[in-house]
Amino acid sequence: MQRATPQEFSRVLSSMCTEPHPDARAAAERFLATNPGDPGTYETIAGIEREVVAQLGEMVSLPEPAGYVTSGGSEANIQALRIARNRADTDEPNVVAPTSAHFSFHKAAGMLGLELRTAPLDDEHRANTTAMAELVDGNTVAVVGVAGTTEHGRVDPIPEIAAIADEAGALCHVDAAWGGFHLPFTDHEWDFADAPIDTMTIDPHKLGRAVVPAGGLLARSDELLDALAVETPYLESRSQATLTGTRSGAGVASARAALDALWPDGYREQAERGQANADWLADALDDRGYSVVEPELPLVAAEIPEETFEALREMDWRISRTGNGALRVVCMPHVTREMLRAFVDDLDRLK
Ligand code: 0PR
């Protein structure tokens with residue numbers, strides 16, 4: 001049988017996916033043929049999904065969360081903007097986000113007929129809230145903040161962004177697709193306890209150690225999710241708020257198993273290890289004279305020459321670049337100190 005073994009992750013430094021927890025793998029297999037999109041027929045997995053949503057709510061300080069397990073962060077972001085658009089009373093809706101927002105927001109804007117207005121970042125690669133506020137007007141339906149950006153792992157000033165949304169009568173959406181399983185163990189202000197957030201993306205299939213596909217959409221209330229509901233005449237359940245119809249029970253069950261196994265101590269330990277690895281790599285690169293972006297979360301960005309980047313890829317390192325061409329290393333749970341040492345040794349060899 002072909003199977004992604006830990007060895008297969010041994011040179012992967014670019015991905016936001018990782019080796020699933022063993023319990024998540026086993027649970028996924030048990031629920032492979034179930035469809036939480038049909039809760040009237042597949043009651044067990046539908047119940048498990050409600051538990052996952054409750055567990056995610058607990059992680060982000062949201063006592064009675066609404067939401068569901070999506071196919072990933074892209075679907076969750078699309079659906080959050082769809083909620084905002086469907087509720088608003090305007091023919092020319094727009095959304096305001098920082099330029100660091102993931103490309104799924106551009107997909108969402110295209111699909112939903114929204115104008116996406118992106119504001120420049122500050123010098124620290126975080127959302128510039130003054131610039132964001134200037135883009136907001138009476139047609140703004142949502143204001144977006146990112147808690148753990150894809151390129152630099154930065155946390156936007158979420159309370160300020162929520163205040164901008166509130167003042168505009170728009171929804172506040174936080175994209176914590178990647179950062180959400182790390183941030184509970186930091187001092188950042190990013191969750192429902194810190195700000196009047198309406199919706200959030202938080203993905204079990206990234207730092208949550210579930211199998212793919214398992215993304216997460218959370219909403220402050222059922223009423224927000226109702227903005228997505230369509231009638232489902234021939235199903236036992238009367239309406240459906242998800243984007244896809246048939247969905248992966250495997251992803252849902254694996255998310256539950258990973259959360260049971262790891263929340264909170266396992267995730268805390270993983271967060272500490274990932275951050276220590278990122279700090280170690282940042283220091284190692286800095287010592288060698290490369291310009292490094294301070295890793296606020298376990299993601300290191302550094303400027304290395306184009307030829308060096310290409311040579312490392314030739315050596316089979318799975319690395320990626322930011323939009324500005326800087327090396328980007330994501331210290332996911334499968335990334336060990338030995339891997340990083342071997343990476344830096346290869347870098348030294350190329351000098
Ligand atoms: N929001 C943020 C902040 C993200 O970083 C990502 C994905 C998404 C939303 C979208 O999530 P889905 O990909 O689950 O729809 N960020 C990674 C990226 O675009 C995704 C990724 C994952 C890329 C694994 C490569 C990879 O091997 O870089």
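For ligands, and for the atoms within them, numbers begin at 1 and follow the listed sequence. Given the structure is predicted, the values throughout are model-derived calculations rather than measurements.
One finds no salt bridge joining E29 and R25 here, because no Lys/Arg side-chain nitrogen approaches an Asp/Glu carboxylate oxygen to under 4.0 Å. Using a 4.0 Å cut-off between charged side-chain N and carboxylate O, D348 and K351 make no salt bridge. Salt bridge E19/R209: absent, no basic N to carboxylate O contact under 4.0 Å. Under the 4.0 Å criterion applied to side-chain N and carboxylate O atoms, E223 and R87 are assigned as salt-bridge partners. Taking the charged nitrogens against the carboxylate oxygens, E296 and R126 do have a contact shorter than 4.0 Å, which makes a salt bridge.
The residues lining ligand 1, counting any heavy atom closer than 4.0 Å, are S15, M16, C17, G72, G73, S74, N77, H102, F103, G148, T150, D175, A177, D203, H205, K206, R328.
Sorted by first then second residue, the ring pair (Phe, Tyr, Trp, His ring centres under 6.0 Å) pairs that include residues 317-351, not counting sequence neighbours, are F9-H334, W317-F343.
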